[in-house]
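First the structure, in the form of structure tokens, and then the observations on it.
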Amino acid sequence: MSSFKKNIIVFGQLTDIIGAAEINFPAVGDTDALKNQLIAKYPQLAELSFVIAVDKKIAAGNTPLQLDSGIALLPPFSGG
Amino acid sequence: MSSFKKNIIVFGQLTDIIGAAEINFPAVGDTDALKNQLIAKYPQLAELSFVIAVDKKIAAGNTPLQLDSGIALLPPFSGG
Amino acid sequence: MEPRKPKNIFVKGAVSASFIAESIQKHSSRHDIGGHSIFLGQVRADKVEGKTVSAIDYTTYEEMALEKMHEIREAIFAKYELTCMHVYHSLGKVAAGEICLFVFTSSAHRKPAIAACSELVERIKAELPVWGKEVFDNETYQWKENK
Amino acid sequence: MEPRKPKNIFVKGAVSASFIAESIQKHSSRHDIGGHSIFLGQVRADKVEGKTVSAIDYTTYEEMALEKMHEIREAIFAKYELTCMHVYHSLGKVAAGEICLFVFTSSAHRKPAIAACSELVERIKAELPVWGKEVFDNETYQWKENK
């Protein structure tokens, strides 16, 4: 059912690994579960350091996800 | 005799006290003697912190003066 | 008092020298300013395995970056006695030799301006979700890493 | 190797924003530069006992200042990995709101550029025989003191 899928936005070199700037991914309960399932689907992610932003804040530790949470995958920043 | 007088150049607020940007002053043997004689002639100098430059270097401690030394009186710097 | 609204810091392409000059010029009417500190990031033509970086292509998570920049701005204003603070970061392609980051702080005295500018640059590089893709002269690329 | 010759740092009157822009622009051909740090001193319209500073009139002991600046320049180049260093200081009258000091350092990486610029500003203020006379709006004046 589509209501159990979530849009996840993807940035930087993660777009090369995932092959898109946005993916539709099965909803899970927290950021640790999300990370595990992402790595299961995209094994190259395991080799890269990345963080999950929930509603524009970097998840510090395992963070519960709501159905309406805005989720983004952020590789190390390299601005400036 | 004029050969025993030296030109001394004067900067900043010292020009207000001395009334000129350059003075002709009796030659003396070292910077301590010069300072004493300057203060004797211009008592207001005693109230102001200033240094003597000899050949474009600030005299650190009492410094002997040659007849051909270039002498300048420098009040605290305030550039920038 | 209403909270300050997040300001947009992103500009398309390089920051031009004339834009920097205009920013400086605007501050000549502020007679309480004694010192400005400016940092400019410039794209280097680094060589990697025989290839040369010809440009960096910047992308961002804009909404998050602007929220974070707002937070940094408030913290810097709270910490230092500043009269003004301006930050501009490029998005899209910036060629080698061009300016991609312009950080500008002003204060009555030099020390707060200098310290704030330096801290801003560090925080921008560490905390803003911005990514640089180093594009080589042969059209391949690698993702930039900040040190 | 011949030693570097002392460069003149003094300019008559204020440093203009367009001069700063040209200096920045010139560095776009240097593809080994990753960061520029700039400090600008601006004349403040300070109020003293009801009078307002309208300008600062700068004088120097030029030969000594250029020798000292040369010594500072050599020391900073020896201490930091810089690609370029430029210093301009005004002489004569600079009105409130105008720029009287322009210090500009560039490096492959931000940290040497920022640290060198900051140290240069401190040394210039402390060690260069330059004096500022703060001219008030009623034509009286007082001698500037650096803190």
Side-chain angles (χ1 to χ4, degrees), chain B residues 5-25 27-28 30-32 34-35 38-39 41-80, chain D residues 6 9-11 15 39-44 46 53 56-72 87-92 94 98-103 117-135 140-147:
Chain B
K5 290 230 175 190
K6 289 200 56 62
N7 277 336
I8 297 177
I9 47 177
V10 180
F11 292 97
Q13 57 264 61
L14 298 180
T15 59
D16 288 350
I17 292 170
I18 286 172
E22 191 161 352
I23 48 171
N24 200 251
F25 204 74
V28 292
D30 56 47
T31 52
D32 277 2
L34 176 63
K35 201 157 189 170
L38 283 164
I39 290 172
K41 180 149 184 203
Y42 307 102
Q44 279 186 279
L45 287 182
E47 290 155 36
L48 212 121
S49 122
F50 70 95
V51 294
I52 298 173
V54 180
D55 293 330
K56 296 178 267 174
K57 302 281 177 206
I58 290 171
N62 192 19
T63 302
L65 295 173
Q66 313 303 322
L67 275 179
D68 60 349
S69 300
I71 301 176
L73 307 184
L74 315 179
F77 306 156
S78 55
Chain D
I9 62 165
F10 293 110
V11 295
V15 177
F39 177 81
L40 303 174
Q42 181 165 307
V43 173
R44 276 196 321 273
D46 281 353
V53 172
I56 297 181
D57 191 350
Y58 287 101
T59 49
T60 184
Y61 180 8
E62 185 160 335
E63 300 91 322
M64 182 175 164
L66 296 182
E67 272 191 16
K68 175 54 80 174
M69 189 63 229
H70 183 68
E71 180 192 319
I72 295 171
V87 174
Y88 300 94
H89 196 298
S90 295
L91 290 183
V94 181
E98 292 186 319
I99 306 292
C100 56
L101 175 62
F102 171 27
V103 179
C117 186
S118 169
E119 188 170 329
L120 266 171
V121 172
E122 295 307 314
R123 292 197 63 175
I124 286 165
K125 291 204 164 233
E127 298 177 40
L128 287 197
V130 174
W131 298 274
K133 189 159 90 169
E134 294 173 323
V135 182
T140 60
Y141 65 85
Q142 72 177 15
W143 290 93
K144 180 170 176 270
E145 280 176 46
N146 276 0
K147 277 161 198 152

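Please read these numbers as outputs of a predicted model, since none were measured by experiment. We name chains A, B, ... by the order of the sequence lines, and we start the count at 1 in each one.
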Quick check: does any side chain N or O of D/Lys68 sit under 3.5 Å from a backbone N or O of B/Lys56, one acting as donor and the other as acceptor?
no
Is there a side-chain contact between B/Pro75 and D/Trp131, using heavy atoms and a 4.5 Å cut-off?
yes
Part of residues 12-19 of chain B lying next to chain D, heavy-atom separation under 4.5 Å:
B/Gly12, B/Gln13, B/Thr15, B/Asp16
Side chain / backbone / both / neither for D/Thr60 at chain B, heavy atoms under 4.5 Å:
backbone
Answer with side chain, backbone, both or neither: which region of D/Tyr61 has an atom nearer than 4.5 Å to a non-hydrogen atom of chain B?
both
Below 4.5 Å from any heavy atom of chain B, which atoms of D/Lys144 appear? Answer side chain, backbone, both or neither.
both
Segment of D/Phe102 engaging chain B (4.5 angstrom heavy-atom cut-off):
neither
Residue, of D/Val121, D/Leu101, D/Val103, D/Leu128, that accumulates the most heavy atom pairs under 4.5 Å with chain B:
D/Leu128
Would you mind checking which part of D/Glu122 comes under 4.5 Å of any heavy atom in chain B, side chain (CB onward), backbone (N, CA, C, O), both or neither?
neither
Identify which part of D/Ala65 has an atom lying under 4.5 Å from any heavy atom of chain B, answering side chain, backbone, both or neither.
neither
Could you please state which residues from residues 41-52 of chain B sit under 4.5 angstrom from chain D, measuring non-hydrogen atom to non-hydrogen atom, sorted by number, or 'none'?
none
Test your reading of the model: is there a side-chain donor-acceptor pair from D/Tyr58 to the backbone of B/Ser78, 3.5 Å cut-off?
no
Atom CD of residue position D/Glu71 - does it have more than 12 heavy atoms of other residues, nucleotides or ligands inside 6.0 Å?
yes
Need one label for D/Glu63: side chain, backbone, both or neither, based on atoms under 4.5 Å from any heavy atom in chain B.
both
Using heavy-atom distances under 4.5 Å, tell me whether D/Gln142 contacts chain B through its side chain, its backbone, both, or neither.
neither
